[in-house]
Amino acid sequence: MPAASQTQSTAVELSAPHPTLTVYNTLSKKKEPFRTVEEGKVGIYLCGPTVYDKAHIGHMVGPVIFDCIKRYLKYCGYHVTWVVNITDVDDKLINKANDRGITMLEVAEENIADYNGNLAALGVDQIDHFPRATECMPEIIAIVQSLIDSGYAYESEGDVYFDVTKDREYGKLSNRSLDQVQGDGGGGAERKRSSADFALWKSAKPGEPAWDSPWAKGRPGWHIECSAMSKKLLGETFDIHGGGLDLVFPHHENEIAQSECCHGKTFATYWAHNGLLRKDSESGKIGGGGASEKMSRSKGAGGLATLIAKQGGERIRFFLLRTHYRSTVLFSEEAIEEAAIGLESFYRLFKRYHRITKGDFYHLQARAHRTEGDTQSTGNAALDAAAACKAKFIAAMDDDFNTGGAIGELFELAKIANRYCDEHNLEGGGADNATIGDLTLLMATIKELSNILGIFLQPPALPGGSATDELLSKVMPLVIELRAEARAAKNFAVADAIRDGLAPTGVKLEDRAGGTEWTGGGEGAIDKVMAMLIDLRQTSRKNKDFKTSDAIRDRLAAVGVILEDRSGGTEWTRA
RNA sequence: GGCGCCGUAGCCAAGUGGCUAAGGCAUCGGAUUGCAAAUCCGACAUCGUGAGUUCGACUCUCACCGGCGCCUCCA
């Protein structure tokens, strides 16, 4: 078999292709029909962080898209195992530990906690295994030994290097030939046979964390831990290997080299690389084209936890999912806030659904698996339109997990549901069992599809809302009541003064068929609301509208707020 | 220098060899509202430039211009 012998890695036999799902493969630079190593099962390995510092938003792109990928593959009926590794031994960790006078393990623990908190906030909960390099030393050493035994690696003064000249296929992922990767050789150049060789094992200097090995006491090189962890949890050949585009070379190239030389067969069938985030330093400027800078912890990027605290995880997830995962994304808080506006319209729809049906969107039962045969017309225009949206949503996801296109359909679905409410006057008495049933079907479709994206799984925790002041919740009904009375008396000046006066506090009023609703009101809103009321009372007194001014004081007293008129103005206190 | 990516409306962003080029934000009309808000309806792009292939290209090829990535650690 002369032709086949040109490749040392024998291709493994794959399942029949999925009829519609295609996945882009960095290895072939094409979208390919999706086939699996084992029928009905998918193994995914995503390169996680080296935990030497806090995460930045760029670290979430991979986890978020793969979280969706797993959800979608499950939806398509696959059984999926997803591994995200933690690299917790590395030069940078050692340096960090030395700088701070703590152990490498302590540095790792701190940043792993940060990372896990970030994942949880963004709704990434599909990861099955979280292996750590330091927990896989026997497996790492076994692979290194095997590579030495088969002549692909050599020991040199206690270090072990992979001999790239022995690997005929070296460079196939990043599309470069050996003479193109002859750099300065990096650290330990004098111990290498070729400058492109890379370390599988690094002997320890005094004081460095070290593990016993057949060579010198030391630690694994970068790259090798992924080969070991993926083998341990997913086998010698698995389906999808993911990571940031910046990992293609040298990290993934070296992983392939190690694993395929060690096992003599395909390492991963599909290589899926997400695009990188850039920080938009000129956001807000007209005309775009402004400079943007690379996100990198070495350049001080970080603060993801702070960003989450401010914006909330769902906004960030939604922002990331609006763009195809392979694109470069310009990130700025303004961009996140713009995405959030779209998100809010969904939250409003969910509330509308609740007003009409008393049902909770978040508790709707939705289909968990795709069904191809439910496209026959129902004779109901709204339901038919929704079915068409769903079909387009699925087609988008089938096309290399095109979440951006899928989200467009979600907006369309929201419009269909809102229109249905309008056309059938569901908030003005048009609701009956039939219309409520149809609306619920529409909402369940939104639930089914948003479940795939991992959004709207539960009411958003942040921002603002959850921390609403208890007193504010008591005062607002009273404010609304005052305004309702003013409106009933056609005293629109007072009614509008209340609503307009509330605007700067972040509290919004919306008049609905069933009464006025209020939303918003974050930290400090209560003080501003009280100031508005005091101001309104002053104005009323000035206008001899004592009915209003007295009502304000009396009703505030009823909820435990006392107003005291002093020479310098009115002060309020909690009783 | 080597390898590669991108350029769609004011902004963000899907998509396709030929029917109306998704969707979101913003803007402008209209319905609705006491006025708003929300919601709905409508308006708003010929797809960086030039050439080629083709009956036909925004979609394929080439050139150019303009952004960007990797080649050192990096999600």
Side-chain angles (χ1 to χ4, degrees), chain A residues 26 29 46-50 52-53 55-65 84 90-92 171 174-177 179-187 222 242-251 273-278 283-292 294-299 301 318-319 322-324 326-330 334-335 337-345 348-349 351-352 389 392 396 399 402-412 414-415 417-423 427 487 490-493 495-496 499-500 503 508-512 516-517 519:
Chain A
T26 307
K29 296 185 173 53
L46 175 70
C47 280
T50 301
Y52 70 93
D53 205 346
H56 63 246
I57 183 172
H59 291 107
M60 294 294 113
V61 180
V64 166
I65 183 61
V84 177
D90 162 270
D91 291 358
K92 283 207 276 283
S174 57
N175 190 27
R176 57 193 85 196
S177 57
D179 55 299
Q180 285 169 6
V181 291
Q182 305 287 339
D184 63 5
W222 188 28
L245 207 46
D246 52 348
L247 295 181
V248 172
F249 186 90
H251 186 53
H273 290 102
N274 60 266
L276 306 180
L277 242 49
R278 318 208 86 226
S283 70
K285 284 209 172 177
I286 311 257
S292 70
K294 182 175 178 166
M295 296 280 284
S296 164
R297 286 180 292 187
S298 59
K299 292 188 176 176
F318 188 71
F319 168 73
R322 287 201 315 166
T323 310
H324 187 92
R326 282 191 283 117
S327 311
T328 302
V329 175
L330 285 182
E334 289 86 342
E337 273 157 15
E338 193 208 294
I341 295 172
L343 223 35
E344 299 293 336
S345 70
R348 270 183 241 111
L349 173 60
K351 281 189 190 166
R352 189 177 199 185
C389 282
K392 285 194 208 167
D399 183 10
N402 182 354
T403 55
I407 283 175
E409 297 308 320
L410 223 45
F411 275 104
E412 200 59 41
K415 184 177 287 188
N418 271 316
R419 190 192 297 142
Y420 189 85
C421 294
D422 285 356
E423 285 176 353
E427 290 188 85
R487 289 176 72 205
K490 302 260 188 255
N491 188 353
F492 295 121
D496 291 349
R499 191 180 56 209
D500 297 344
K508 285 182 191 153
L509 293 186
E510 297 180 12
D511 296 328
R512 311 230 174 251
T516 301
E517 274 196 359
T519 52

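Computed from a predicted structure; not experimentally measured.
Spacing between atom OH of A:Y420 and atom P of B:rC41 amounts to 16 Å, rounded to whole angstrom units. When the P atom of B:rU39 is taken as reference, atom CG of A:N418 falls 7 Å away, rounded to whole Å. A:L277 has its CG atom 14 Å from the C1' atom of B:rC68, to the nearest Å. If you measure from atom CZ of A:F318 to atom P of B:rA14, you get 13 Å, rounded to the nearest angstrom. In this structure, A:D246 atom CG and B:rC71 atom P are separated by 8 Å, rounded to whole Å. Distance, A:D422 CG to B:rU39 P: 10 Å, rounded to whole Å. The interatomic distance linking A:N491 (CG) with B:rC35 (C1') rounds to 13 Å, in whole Å. Note: CZ (A:R512) to P (B:rU32) measures 18 Å, nearest angstrom.
Comparing B:rG34, B:rC71, B:rG15 by their closest approach to the side chain of A:F249 singles out B:rC71. Proximity note for A:D511 (side chain, C-beta onward) versus B:rU39, B:rA14, B:rC35: the nearest is B:rC35. Counting only heavy atoms from C-beta on, A:H324 has its side chain closest to B:rA14 among B:rG34, B:rC71, B:rA14. Closest to the side chain of A:D496, out of B:rA37, B:rC35, B:rA75, is B:rC35. Of the candidate nucleotides B:rA75, B:rU39, B:rA14, B:rA14 has the atom lying nearest to any side-chain atom of A:T323. When the nucleotides B:rC40, B:rC71, B:rG69 are ranked by their closest atom to the side chain of A:R278, B:rG69 comes out on top.
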Show the distances under 3.5 angstrom between N or O atoms of the protein and N or O atoms of nucleotides 42-48 of chain B.
none

Dump every N/O contact between nucleotides 1-8 of chain B and the protein below 3.5 Å, one line per pair.
| residue | atom | partner | partner atom | Å |
| --- | --- | --- | --- | --- |
| B:rG2 | O2' | A:Q180 | NE2 | 2.7 |
| B:rC3 | O3' | A:N175 | ND2 | 2.8 |
| B:rC3 | O2' | A:N175 | O | 3.4 |
| B:rC3 | O2' | A:N175 | ND2 | 3.4 |
| B:rG4 | OP1 | A:N175 | ND2 | 3.1 |

Which protein N or O atoms sit under 3.5 Å from an N or O of nucleotides 20-27 of chain B?
| residue | atom | partner | partner atom | Å |
| --- | --- | --- | --- | --- |
| B:rG24 | N2 | A:E338 | OE2 | 3.0 |

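One finds no side-chain N or O of A:K294 lying less than 4.0 angstrom from the OP1 or OP2 phosphate oxygen of B:rC68. For B:rA14, neither phosphate oxygen OP1 nor OP2 lies less than 4.0 angstrom from any side-chain nitrogen or oxygen of A:N402. Here A:R499 does not reach the OP1 or OP2 of B:rC35: none of its side-chain N or O atoms lies under 4.0 Å away.
Two residues, A:A396 and A:K508, neighbour RNA chain B, and the one matched to the more 5' nucleotide by heavy-atom proximity is A:A396. Between A:A493 and A:D90, the residue whose closest nucleotide on RNA chain B is further toward the 5' end is A:A493.
As rounded to the nearest Å, B:rA26 and B:rA43 have C1' atoms that lie 14 Å from one another. For the P atoms, the distance from B:rA22 to B:rC41 is 15 Å, rounded to whole Å. Between B:rG15 and B:rA45, the two C1' atoms lie 14 Å apart (nearest whole Å). Taking the C1' atoms as reference points, B:rU20 lies 28 Å from B:rC6, given to the whole Å. Between the C1' atoms of B:rU61 and B:rU27, the separation comes to 40 Å (whole Å). A gap of 33 Å separates the P atoms of B:rC19 and B:rC28, to the nearest Å. For the C1' atoms, the distance from B:rC62 to B:rG23 is 34 Å, rounded to whole Å. Between the P atoms of B:rG10 and B:rC65, the separation comes to 25 Å (whole Å).
Within the nucleic acid shown, A:L276 comes within 4.0 Å of at least one base atom, counting heavy atoms only. Nucleic acid contact class of A:L509 (heavy atoms, under 4.0 Å, all strands): base.
Applying the side chain to side chain contact (heavy atoms under 4.5 Å, CB included) rule to A:V84 yields the partners A:L46, A:W82, A:Y115, A:I127, A:F130; only residues at least two apart in sequence or on another chain are considered. For A:T328, the side chain to side chain contact (heavy atoms under 4.5 Å, CB included) criterion is met by A:R278, not counting sequence neighbours. By the salt bridge (Lys or Arg N to Asp or Glu O under 4.0 Å) test, A:D246 is found to be paired with no residue, residues two or more places apart in sequence or in another chain being considered.
A salt bridge is defined here as a Lys NZ or Arg NE, NH1 or NH2 lying under 4.0 Å from an Asp or Glu carboxylate O, and A:E510 with A:K351 fails to meet this definition.
Other residues, nucleotides and ligands contribute over 12 non-hydrogen atoms within 6.0 Å of the NZ atom of A:K29.
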